[in-house]
Structures are given as C-alpha cells and as structure tokens.
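Contents: one structure, followed by commentary.
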Amino acid sequence: MLTVENAHLHYGAAEALRGVSLDARPGAITCVLGRNGVGKTSLMRAIVGHHPLTSGTIALDGQTFGRKPAYDRARAGIGFVPQGREIFPLLTVRENLETGYSGLARSDRSIPDYVFDLFPVLKDMMNRRGGDLSGGQQQQLAIGRALVTRPKLLALDEPTEGIQPSIIKDIGRALTFLRDEFGMAILLVEQYLDFCRELADSITILDRGEVVHQGAAEDLDRSDVRAHLTV
Amino acid sequence: MEKAPQHAVGSEAETKESLRKETILYLDGVSVSFDGFKAINNLSFLLQKGEMRAIIGPNGAGKTTMMDIITGKTRPDEGEVFFDGDIDLTKHDEPAIATMGIGRKFQKPTVFEGHTVEDNLALALSGSRSIFASIFHHRDEEEEARITGILETIRLYPLRETSAANLSHGQKQWLEIGMLLAQDPKVLLVDEPVAGMTDAETEETARLLRDIARDHSVVVVEHDMGFVRDLGVKVTCLHEGSVLSEGSIDHVSSDPKVVEVYLGR
Amino acid sequence: MIVGHLLRGGLNRWIVLSLAVILAIGIAVPAANLFLPAAHPLHVPTYIVALFGKYLCYALLALSLDLVWGYVGILSLGHGAFFALGGYAMGMYLMRQIGARGVYGDPVLPDFMVFLNWKELPWFWYGFDQFWFAALMVMVVPGLLAFVFGWFAFRSRVTGVYLSIITQAMTYALMLAFFRNNMGFGGNNGLTDFKDILGFSVQAGSTRGALFFASALALALGVLFVAALGASRYGKLMVAVRDAEARTRFIGYRPEYVKLFAFVASAVMAGIAGALYVPQVGIINPGEFAPANSIEIVVWTAVGGRGTIIGPIIGAILVNAGKSWLTGFAPEFWLFALGGLFVAVTLFLPKGIVGTAMDGWGGFRRLRAARHEEAGQSDAAAGPQPEAAQ
Amino acid sequence: MTLIRTIFAAFFLFLAALPLQMASAQDDDTALRQAIAGLGAEKGYSKLREAIAVVVETGDPRGARVLNALSEGDVYRHQDQDEVFIVAGRGKELTLLDPVTGEKVGTAAKGALKKVRVNNSVRRTVDEAVGALTLAAKDPHVRISAARTLIENPDPDSIEIIDEALQDEDDSAVIAVLEQARAAAILFSDQPDEERIAALDKVREIGGQEALSLLVRARSATQGELRDATDRAIASVRRNLQYWSVGQNVWYGISLGSVLLLAAIGLAITFGVMGVINMAHGEMVMLGAYTTFMVQEVMRTSFPGLLDWSLLIALPLAFLVAGAVGFVLERSVIRFLYGRPLETLLATWGVSLILQQAVRTIFGPTNREVSNPSFMSGAFRLGELSITWNRLWIVVFALVVFAVLLYAINRTSLGLRMRAVTQNRRMAAAMGIRTPWVDALTFALGSGIAGIAGMALSQIDNVSPNLGQGYIIDSFMVVVFGGVGNLWGTLIAALSLGVANKFLEPFAGAVLAKIFVLVFIILFIQKRPRGLFALKGRAVEA
Amino acid sequence: QDDTIKVGILHSLSGTMAISETTLKDAMLMLIEEQNEKGGVLGKKLEAVVVDPASDWPLFAEKARQLIEQDKVAAVFGCWTSVSRKSVLPVFAELDNILFYPVQYEGEESEKNVFYTGAAPNQQAIPAVDYLMEEEGVERWVLEGTDYVYPRTTNKILEQYLKDHGVAAEDIIVNYTPFGFSDWQTEVARIKDFGSAGKKTAVVSTINGDANVPFYKELANQGIEAQDIPVVAFSVGEEELAGIDTEPLVGHLAAWNYFQSVDTPENEAFIEKWHEFTGNEDRVTNDPMEAHYIGFNMWVKAVEKAGTTDPDAVIDALPGIEVPNLTGGTATMLPNHHITKPVLIGEIQDDGQFEVVSETDELVPGDAWSDFLPESKKLEADWVDLKCGNYDTEAENCLGETAMADTEEETEAN
Ligand SMILES: Nc1ncnc2c1ncn2[C@@H]1O[C@H](COP(=O)(O)OP(=O)(O)OP(=O)(O)O)[C@@H](O)[C@H]1O
Ligand SMILES: Nc1ncnc2c1ncn2[C@@H]1O[C@H](COP(=O)(O)OP(=O)(O)OP(=O)(O)O)[C@@H](O)[C@H]1O
Ligand SMILES: NC(N)=O
Ligand SMILES: [Mg+2]
Ligand SMILES: [Mg+2]
C-alpha cells in the first residue's frame, strides 16, 4: 500500500533522512523505532506531506505523491495522528472530530461508533473545548479524529505518549481491530518497545536518518537490534 | 476547612500543624473547578523533605492540575497549599514560587525556541533573578562548568549551539530536564519525563532522578509503570481529582480500584 | 558599565562598523556643509543636512522600537507618543526661548496663549525656560508615561495584540488631548516659530550642524546601548520573554519587569529622538501622536529587519529617504511605489533587509525552508491571538 | 404679523373661491398679473416679500404656481419686456412660461433674463403662504403639516380659522393637531386666564421641544395663577424630556454602535479569526462604498427610476468587489505570511496605501456623492425620540449581517473548516481540508463583509479615498475590546462603546468623550487582558 | 537651466488633505500653462515643480526647503491648513522666498515672505454674521467648529462681535468636535434643541473638511431646514458639496469671496478653461482656486514690475499690485500682505452650486490683526512703510523678532 523509497529530507543544510525505504502493507502494522532525534517524525512528516523530500519517492497504492499537498494525501486515504497531538484547541471535541468530514462524501459524514467504543471519555466531553482536555484525553481525541476520515493508511507518531496503561492496551486492541476488521495499513512510530513487540507485524529501526534494521517483530529480542535503541 | 468548634479540635489542629512543619509540600482539602467541572476534588497530599514520590492516575485525573496549583499557575478554589512547612503558596505568584525553590518540567516540553540549547540552560541557571543583575551579569567559569556538566548529563553537548526550535520532541524533553537541573530547586515537579523516550533513555532518566532525589524532593508524574517501578518510591494514584490509592508500587498496582480505572486488565 | 560588559563580550564587528559610520557621517556631513564652498563637488547643501538630521532622529526612534519589539516582542503601536512627548518637552523649551520676540511681544506667554487669552503660564510650563530641566523632562516624561502604562499593563499580563491596541489607544487619546486648545500646548498648530536653542539661532548653519552631530551621537549611543543590552544576560532574557513569557515565570523571572525596563528605556530613547527632531524640523504638533505615525515606525523597523540593530536604522533611513525622493519625483504615484515596497519586503525579505542580508544567500534558502516548516508549527498558537507569546 | 394676516386673507379667499370654478376667475387675472409683475422689481428681499404679500392678497389661488416657482428659483425678469416669467430649461436659450397659466410663451437668451433672487426668508414667506392655502387640501397629510405650521406660529387671529377648519374636518389625526394649534393660539391670545390655563394641557400634549418652546415663549406674557400653571407645565414637559433624553442617548449609542459593528465585523474575521493584522481593512470598506457610488452613478445616468433600489443592487456587488479584492490579496500576499502574523501588518499597510492611491487616481481625491434612497431619508418620531430612517436601517442591517455571519462561522461546515484552518493550518490539511481554498474564502468573506459595511457607511459618511482610514482604528479597538476571535464580543463591544460615547458626549463634548472612551478601553484591558469576552482556560494558553 | 523660471506647488496630493488640495495643484498647473501660452514671464517660460507633502506637517517644511534650495523656485504656491503654513514659515523666512497662501484663515499673522490671498476673518465671518442678523433676524447662535486654531480664533472673534451687538451669553453656544468627526447625531440634536427656544437660531459652522458631509447628511435627516435653522459655513465650498445630495440642504449658506455661480465674463472664461484643462465638465471651481488665480497674476505682475524674480525685489513690488478678481472687481495687495476682497453670501442650491444672496457693496481689505480681540486690536501690519508685521500702535514699536531682519537696532527694545 504505502511505499517509501530512498527518501532524503533536509532541514536547511541538516539532513534528517538519508535514503529511507519502507513498506506498509494493508492488514499489517508496521512499526518504526529509533532513539530521539533519529528522524522518525521527519519520516511521518514526509509521508503526510508536511515537509517535502529532497529526493526519493512516496507512493500510496502505486500513486506517487511527489509534491502533492497534505490535504490531497489525506483525501487519498492517509489518516494522521501527530506527535504532540495537535488538537484544534478552540474547537469542541465534536468539532475536532468533524474536521475529518471534509474529504468524505456527504453520506459518510458521521463519526464511526467504534471511536466511542475505543475512547468512551470522548463521548462525555463532546462539548468541551479540545484544548481544555488533559494530555492523555487529547491523545485519544487525536486518534479518534484520524479515524473519522476512514483512512486506508493510519499513521501514528508515538500515540501512547502520555496515555494511561489501560488505554494503551485499548489502543493496542483498537489497532489490531482496525487492521483485522478493515484491513487498514498501520504505520506506527513508537518508543515503547513492549507495545511494539506485541502489535507489530514488521519493524523498521532508524538511526541518524538511516534504516539500520528491517524485519519481523521478533527480531526485537536480538541484542544487535536492541543496540540500535540504546544510548 | 474545619468547621467544628475550635476547642474540640484544638489538639487536632495542633497535630496538623506539626505534621505540616515536617513537610516540604503540604496540600490539604484542595479543590478547583473549571466552568463547573471539578478537576481537583478535596485533594490532600504530603511530601516529606527529601522524599521522592511518583504519581500515577488516569488521563484527566488532575495530576497536571495539581502541579499547576503548586506552581501558582492555577489558584485553588479552596484548600491549603504550603511549601517548606509554612509558606502559603496560594499567596504567591509563579516567579515567587519558582525562586523559593520549586522547579517544574512541563508535560508538553516548553523551551525557549529562540535560544540555543546552551542559552536555555544559562537562563535557567540558579542565581539572582533581578533585572539589573541580569544586565551586568557576567558568566564565570563555575557557571560555565555547570552548564557543560548538565549538557553532558542530558547528552545534548553536541547540540549546544543548536537553536532549541530545531530539536526533536525527545530532545526537547531532555533539554527541559536540563533546565530543571540548572535551576537547582528544592522541589522538582516532573510531569511525564519519559514520554517519547526509548527504553534505554527511560532507564537513564530513572537513574538520574534517583540521583537527584538524594538531596532534593521530587514529584514525578508518569504513566510508564516500568519506570515508576524503577524509581522504587512511594506511589500515589490520583483519580477524579483526589487520592485513590497510596503506598508502594506493588501495593498500588495490585489495588483493584487502580487496576479498574488505570491499569486495565 | 554596560559598555564595558559589551567590550568584555567582544564587540561585534558590525556594531563597531556601524558606530564608526554613524559618527563619521555625524562629523562629515555638517563639516561638508559648513566649510566647503557651495561650488565644491563635496559640498552638502543645507537641505540635505536638514533632511538627514531628521532621518537620524527617525533612526533612533526605530531603534527604540526595535528594543521592545525586536527583543521583547512588544509590538508598540504607540511609540510615536513617546517621541512626541520628548518633542513637546523640547518644543516647550524652545517656545520659552522666544521670550518677548513673539508676535505679541509678551515676555512670558507664547503667542498661542496670548491670543487664547491666557493670563499666566500654566504650571506645567514652569521650568522649561531652563535647558537642563527641559532636557531632563525629555527623558522623564516619556519614561514616566511608559513606566506607569507598562507597570499596569505588564502586571495585568496584557500581551500581544491587546497590548498593541492599547498602546494605540494611548497615543490616539494623547493626540486628541493635545489637539484640544485648552490643554495648553498650542492645539492643532502645536509649537512653532522657534528662534534659538541655548542662545544659538536654530536656523544658523552651525546650529544645524551641531544638532546634526548631536543626533548622530545620540544614535551611536543608542546603538551601543542596545547592542550592550542585547549581548548581556538581560538580552537573552528579553528574547526568552518574547518567545515564551509564561515559561520564564516558572524559572523565577518576572517578565513584567523585563518588559518594563525595556519599555521605559525605549520610551526614553524615543523621547530623546523627538527632542532632537523638533529643533531640526521647526515644529511639533499633535499630528506626531497620530496612530498612523506609530504604525510607520513599525513599518520602518520591519523593513530594515527587526531584532537586528542596524536593521531599524537602515529601514528608517531608507523608507524616509524613499518618501522624500518620491514625493518630489513622482508626487502622484509615490504611494504605489512605497506600498509596493512594503509588500515586496514582506514577501521576499522576510527578515527585513538587514536580517535577510545577514543570513546571507545560503541562509536565505535555509530560511525559506524553515519558514515552510514554521508556517505550520507556530500557527497552532497563532489562531485567535496572533502574537501569543506562547 | 403682517405675514400671518396676509396668509389668512389668502385662506379665506381660497375657501371662498373653492366652490367657484377656476374658469370664472380665469378671465379676470389682471390683478394677479399686476401683482406678479411686482415680483420683478429689484429692491432686495424685504421688498420682494412685500411683493409676495401682494400676490397673495389677490386671493387668486393661481398665484401659488408662480410663488412655488419663485421659491425654486425659476422666476426671471425679462430685462427688455420688464415682465416676469417662469423659466424652464438650462443652457443659453431658455423657455419662458406664463407665470399664471404655466403655458409656454416663447424663449429668450439667457443674457436677456435676470433671475429674481430669493433667500431663506423669501422662501419661508412663500412656504407659509402656500402652506396656509393647503389647510383645505385633499390630502390629510398636507392638512396636518399645514396645521403644524400654525402650531409653530401661534397667532390669536387664527383661532377663528382653525374653528372653521375643525368643523369641516373628520380625520381624527388632523383634528388632534388642529386642536393643539387652537390651544397654542389661545395661549398666545388675550383670552381670560381660565381659558388659557385650560389650553395649557393641550399645549403640553404637543410634547417635546416644540411644546417647551411654545410654553417658554408664552410665559413672558403671563402672570399670577396663569404663570404658575405655565411654570408647572414647563417643568412637566422638561421632566418628560429628560426621561426621553436618556432613551435618545441610548438610541444614539446603539446607532453609533451599529456603525462601529459594521466597520469592525469584517475585521473580526480577517483579524479576529484569521489573525491577520489587516491594515487594509478600511480600504475594503472604502471599496464597498465606491461600488455603491458606481452603482448609483449607473442608475442615475441609465435607470433613474431604479435609484431607490440602488442599495439592493449595490449590496451583492459591494460584497463581490471587496471580496474579490480580498481573495486576490490573500492568494498573492497573505498566504505567504501565515505563521508570521506581525508581518501581515507591514504587507497590508502597503496594500492599504496602494488601494487608497488607486482609488484616488481612478475616482479623484474628492468626495463622491452617494444619495440616500427615499426609504432612508428623513426621520420619524417614537414618543419623544426622533429616529432617523437611515440610522434605523443601519442598525437593522448591522444586526442582520452579524446574525448571518455568526451562523456562517459557528453552524456551517465551511465555518468549522475556517476555524480549524486558522487554529492549526497544518493539522487541518492533514485532516483533508483544502487549506488554501479555505484561507482564501475566509479572507474574501471578511473583506466582502467589509465591503457591504462600506455600502452602508456610504449612507452616512464621506465617500472619499480617506474613508477607510477613518474606521480602521475604531475597528481594531472594537475587536480587541470585545476579545479577539469572539463575534459576540465584537457585538457587545461595539454597542457598549457606542452607548458610552453617546452618554459622555453631551456633557464632556465630543473630543473629551472620545478620549474618555479610549482611556476606559485601556483601563478595562488591565482588568480583562483578553477583552470583554475573553476565552478562558487551557485551550487558549495551549 | 536659466531659460525657465520655476514655480513651486506645495499642496498635499495624498493623505487627509488631498481631498481639498489636489484641485489647487491642478489650478496652478492650469494658470502656469496659460501664462506660458501668453509667452511666460520676463521672456522665460514658467516651469511648475510639484511635490507632495502628503498632509504631513513636518513634511511640508521639508518639501518647502527642497523647493527653494534644491529646485530654486522663484515662488511657492501652497498650503491649506494653518498648521502646514506655520510649519513652513521659518523655512520661507530663513531662505527668503515667497509663499502665496490661498485659503481663508484665522488671521493674527503677517509675515514678510507670505502673501495671504484667502480671506482673513473680517472678510468672511463678520459679514456673514451681519447678513444673518439683518436678513434673517437671527438672535441665537451655535458656533460649531472642528477643534483647531482656525475655528477657535474665528469663534472667539465672533463671540466678541456678537456680544458687542447685544447677543446675550446664553444665546451663544460654542462647540468643538474632532477632525473627521462622523457621528453627528448628538450635536445636531443639540442644535435642534437650542433652536427651539423660540428665538430665531442659526449655526455658524467652521467644521473642517471630511466632517462636513456626515454633518450635512445628519442635518438633512433630522429635518433641520434652512428656513428654520440656517447653517452658514466658512469651509464648505463647491468642492465639498460635490459629495452631498444637496436637495435637502437648499438654503443653507456659505460665506466666501468667490462662488462658481458668479456671473461675470472673467469667471465664465475661467470656468471654461478649467473644464478644458481638466477635460471634465463636472469639475467645479471654488474660492481657494480664485485666490490662487489672483495670487498668481499678482506675482506675475510684480515680477514684471521688478524686472526680476528675485524674491526680495518681488516682495517689495507686490504691495499695491492690482489684478482683476473673478467676481468683477479688482484685488489689491495691501501693505499687510493681505488683499481686498468682496464678501459673498451664497445659499446652497439643489445643483450643488451656491447662489449669491448678498454681497458687500465694497471690497473689504483683509485685516491681519483682528479688531475684536483685545491683544491684537492694537497691532498693525505694514511691510511698506513700517516694515513690520506686528507693529504695536500704542507703544509705537515693532514687536518681536519679525522686524529684526530689517531693522537690526530695534531688537534692543526687547
Ligand atoms: N524544524 C526543524 N528544523 C531543523 N532541524 C530539525 C527540525 N525538526 C527536527 N530537526 C532535527 O532533525 C532530526 C530528526 O528529528 P525528528 O523530529 O524526526 O526526530 P524523532 O526521531 O521524531 O525524535 P523523537 O523521538 O525525539 O520525537 C533531529 O536531530 C532534530 O534536531
Ligand atoms: N482550563 C480547563 N478548563 C476545563 N477543563 C479543564 C481545564 N484544565 C483542566 N481541565 C480538566 O481537568 C481534568 C484534569 O486535567 P489534568 O491535565 O490535570 O489531568 P492529568 O491528570 O494531568 O491527565 P494526563 O495524564 O492526561 O496528563 C481533565 O479532565 C481536564 O479536561
Ligand atoms: N486656514 C484653515 N482653514 O485652516
Ligand atoms: Mg518524533
Ligand atoms: Mg497531565
């Protein structure tokens, strides 16, 4: 479904991605791991269209994105849960969710029930402003919001950050549910190893903007792989 | 808070006061609400001098709000908040509280994006906060050394000349911890320090905090139970604005109420 | 002392260079006007001396705004008020210097008071016959206004556009007040018809030259002062307050004082600029309080590059020179040119002329990229409150 | 007094002549013609007024034609023929009309004619003379205004005639006014005190400034009990007026507030919602006003009958013109500045200079005329309130615009997208919102609203290149005072600043009132640093 | 470069005053063009130097200096507001050049380098008030003005004048509003109230510029008609009326020294030329244009008389110069640098023109120092014999420094 090939990305002169290639298949959870500042978020930004690649290609279902703006990518089926949540602070929870409608046909404009099944707290807070929620509540809202767009590919940047354990488990269950039920492709950036190990179908490890390992989730138990994740 | 006649509770009040004297942080009967929503509800919380405490609790339990109250960002609707035994924090504002020796790391990393990593630390460095002092301030070698030390501790030494705006999320987390260290406060309030860190970094952070706790009082909020366990300190679990459970990590994590609302099955 | 501090830190060579240039101009221009014969190719006509003298004052004014806007992030839309107050203080001295040479020949009362039937000098005109007092007031009055205004506004945590707009309200209210003839400052006509300053005729070439030099010197000192502040720890603090005011509180600083100091210092600088401006242009009137004037100061600063030291100076001189030239050269179309310039600068020189130049060409490209990045990142905060500190 | 007498002479004759047919008088118009010829004598206005009296005294109603023409300035004396004509047409050759019949009788060169100059006092004489003739007119409105003339100039001699008119009158509204006129006349007569005391009540009923003026004037000729009664009446009218004056101030305040609201509301979008410090906002208002001017110009030349509808046609056009300029501005300049809100000040300041000068170049620097359609002219009374139609419509219009905008922003999906984009442009794009389009539309909407504000403001203010500059500062004050980003705040701020201003103005004067309001804003912001309707909580700080 | 004579034109083409001043620039260009067709002056062509002081007062001084020093103009025609004139005065004194100032103003000034071709208060305000008292029998007065020096001074003079004519203090109200004031509801209602006290009431308006349109619109809407409460204005001319529907305003008055409607051959020719020059039949003419017409012709005559454009010679040659004005009379430059003018009172017509309803029998000489202000009653300006702009006729000396330039020894008197 999603293929990244030989992606290079620069911030000014500094190179954050150096030839990253990666696949995310439908019905599978692809996990990207790496230490702080290795370029995970940069990769996500490149995929959703927030930052242009210097070279390399990103394609969804064989369609390369090139310089396609973020909204076209979203309409093509990429749902995004950014690091730092990026809730619309002055919109209510409901309105935050409804921002996902714009790429949908009029008939599809509703919030899927499973969003509330996964995150019941959102239901209670429908009319509260997004910015007033606690950090974890915002994180839940961010995931719910991405699901409203009915994405083919769900890209999550450290979605467990700041979330209480029980809900992390819920999110885990949700991701498997989405993968299995809808055959969604899920691209998950994580630091939380156990979470990854449990969920991932395949893993990619980045270090200093380069892919240093790609393989099955089980590889995580190998010490040479682990070495990439320690300081 | 007490509504009973004075003579009847005289001794109780006295014990309360002597209890308070021992503490570095003392919250009693604190409540705060936002537009009718009670975020903190009759919360009582004590931190002894030199103690490190871990706080857990569901999202929205009021952990961050509690720190807001202690640091003067939010005024409680009712209740007592004391620092170092007898300083009433509700009567002071943020800078005053900070200079008294309460430092804080925010949940969402906030650093001075217009400055380099090094300057961020230099600004946080303890010392006089007056304007004129800052105009005539000259950085001496001791300060230089402290900054270098902290830069190494937070592993941002190579990035010291980088603008803080250009740091990754996790790097900002570290920088904020660094600023807290530079401030050298009596009490450190650390809100989700390891969010967005790798496991190895998490362990590192736990070690660092334990180090600090030797001569500081610390309050750590975290959801990472592994990390909390690593800290090996008393744990308080908040829920809906008040204490749900308190005790050792094993005690708290096996408390069925905690499992129900927080840990999940 | 501040300068010593600056010197310890090593003077930035750009600062040294600009100080040298400013002082050289301050000496060379009047000299070329006074001592070279009119036919000499290097002779500077009085017209140019008068013009550049004015620009130097504007430059100092822009620099003063830069101190609060560029460093502390306070967008003052009322800085013209401080300039005008300084100007009025000087103007009052100059009025008193006229003495009995006014049209009605009254030894004490300025002409406008005579024909408005005032019988005696209002109390706030006392003392202005003394230069030292006027010179003090040039700094004290704007400084005090800034202090009182800033004290309340910064303590109440008025920030961003709210602060900008109340500074605008301040200058607007002052404008209306000074327009009133009853205020005792000459109403709409303001103060004019000055004769001499410290005993020298304001129209004499040598006085002009001296005022020109004084303006250059004041500007140079202003540059030194801002540079020294900027290099100090306080300079960093100002930027920290600009970028994340709330955060500075949690490490124990009082941003309100940080702002207050800069605001007052800046107002004093603006007052001095106004005081030097008035004898050179020969009039001070409430038009100087007009909100549009204050906005223009912001525009000069932005054109030159805020947050840099020479930027505002270059911006002020460039925009005003452009205005002087175009209003004569293309009187019907100059607004198109000037308006176009402002748009062009924002689009192509996002950090102003100097800011962009300092980044160099490579820096320029990096900047474009960074801007692209920033555009998304910072407007999370930019929604309802455009200048939100955090 | 002589005037009044002649008027009544005219009136009686008119009444007397009424049953007779015009025809009978027709052949005998020598007296009238002679009198009319007297209008041509050049000896100043007082002589002219006497000549008018002579015309009126002929009692010939056909005299009204020439008098009206005189008042309009259409009466000329033919130098050679020493005769007076009504003149029509413009240019070098003018058409001569017979002053009695109004028939065309020839032409004359302009040079051969001398205009009979009239001034206010002459015009007043004519009006009153012709007015009195109309107390028996068919149209009750005309009769009422004729009766009102009598109230304004109470004269004991008119009692008789009013009684007469009352007898034939069956319209109750006219009767009421006639009775008041009668009471006024009695008050000024030398009738017994009881009669006059009784009349006081009716005079008081006239109400307002008019009654007060009558009573004050009558007071000087009173004494004893009558004087006491008059004083009481005066006091009661005064008291009444005072109550109403509070209401009047509120109304003035609301009406000023609605102007502020109109001026500010577009800015509440471009600045309040989008965060663009839009210094060109005033120029958008100006463009709307000039669009209205253009529309009226076209109507004047091509469809004069539709002039009353011009605003209805100008409304969408003003929106489109200003909106289109806003759209272009957003696409060409503003869009590069998101995330750098302060820079927008510089760019839009430049744009504002350019727009001003462009309008100055195209339309010239002077004011252009935009006229009030008839439904926006004049005033009506509500109790003692005098409410002008144009202000009333502007209040209504402002509230409608506000309501529509409020709905659009808060209840439509476009509104939601606008808010999302302005709060976090990048994330909005990641949600599939076409941000460039939404940005452009939002800015165009704000500008378009400014344009229609310009249409409304053209009704009360100058249409000149400086129009926008006059509103920009007040607009920013209103938006900021209300709390940036809050439409309700803008509404309340506009109205409360308007009302505050109007309550201060009567005793502080316009200049000080404005200063006080500004100082009040400064102080108020200290109390509420984020405006009247500040958003609170984490959401804002985030 | 010496084959042309340069003439400076110093009128705002942008900013708040452009609305009034731009026309004067056009008028000057027309006059210069016409003079060149006649062969120029002293055998040389005239060259107009136009600058834009942008309604910015210090900029006026800068531009004046530029015109004189840089462009070396022989004379400058310009300024509108008093403050702009005040701002350039020192420049003209210092560089010794000539300014022709074409706008009615508050008086209390006579400068060696300035020639005042607009009306002094005695050439506009006083006759207008006389007319209202006599013709309309006005007994109650509202003096409504914009808050600046011209209205303040004019109203002060008028107040004194009215009181001298037996008007009681309570029958006069004076009220000031800010520049560009646009919400006239309260003020107009107040006028209405004041006017309903039973005495004939009139408004004397010194409201300036842009504030007039909303003022008249409000008057019309609140139904104040000229027959009831006439308004006589000193700053409203044909140009200002162009922006208003004058139908409801017929009969309100203005006092000027010229109206476009004046029926004289000179005026007809002037208007025709104006329409031809601007290519627009709808462009109106107005009083300050006539003032420039007079001032310019005076200057030409004086230059020819002096045989040079040297300012000093021309300044000396100017007093006594006579040129025809556009209303059928002759304007004479007086020793006090003001001119003689007829005073016309006009009523607004529905076509936006004024119709003259009264006209002084004789030309009124402009009085630099008002006789109705105590401090200036004793002052006299005379640049021919006394060489002084403010001669104290009681103390018999020249006050202030104005005289210093010419009679050095007198400065000791101070
Ligand atoms: N806007 C930016 N400008 C310049 N450099 C940047 C910018 N954003 C990130 N970087 C740099 O690029 C590198 C990669 O950053 P990125 O945010 O992709 O890291 P990350 O892997 O997501 O880290 P984390 O786990 O801390 O979120 C880092 O070294 C960072 O300093
Ligand atoms: N200003 C506010 N307005 C409304 N509700 C608020 C406000 N501030 C906090 N809350 C609510 O108060 C509750 C407590 O929030 P708080 O941030 O303290 O939670 P927390 O324990 O830190 O949660 P997390 O673990 O998710 O960070 C939440 O439900 C939040 O929505
Ligand atoms: N001189 C004037 N009208 O300002
Ligand atoms: Mg990241
Ligand atoms: Mg929290």
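First the proteins, then the strands, lettered A, B, ... as listed; each starts at 1.
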inquiry  = Among B/K105, B/E94, B/M179, exactly one meets side chain to side chain contact (heavy atoms under 4.5 Å, CB included) together with C/F250. Which residue is that?
reply    = B/E94
Do side-chain atoms of [X] reach the backbone of [Y] as a donor and acceptor pair under 3.5 angstrom?
X	Y	result
C/D243	B/F112	no
C/Y253	B/L123	yes
B/H115	C/V239	no

message = So that I can tick it off, tell me whether C/R247 and B/E176 are bridged by a salt bridge, with the cut-off set at under 4.0 angstrom between side-chain N and carboxylate O.
response = yes
Salt bridge flag under 4.0 Å for residues C/R249 and B/D93 = no
inquiry  = Can you list everything that forms a ring pair (Phe, Tyr, Trp, His ring centres under 6.0 Å) with C/F263? Sequence neighbours excluded, please.
reply    = C/F82, C/F154
key: Separation between CD1 of B/I131 and CD of C/E256, rounded to the nearest 0.5 Å   = 9.0 Å
task = Compare every heavy atom of B/V111 with every heavy atom of C/A244, then report the nearest pair and how far apart it is.
result = CB-O, 4.4 Å
remark   = Heavy-atom closest pair (C/L237 atom, B/S134 atom, distance to 0.1 Å) is CD2-OG, 4.2 Å
Residue, of C/T248, C/V258, C/I251, C/L260, that accumulates the most heavy atom pairs under 4.5 Å with chain B = C/I251
query = Quick one: are the ring centres of B/F132 and C/Y234 less than 6.0 Å apart?
reply = no
ask   = Quick one: of B/S126, B/A122, B/P95, who has the most non-hydrogen atom pairs under 4.5 Å with chain C?
value = B/P95
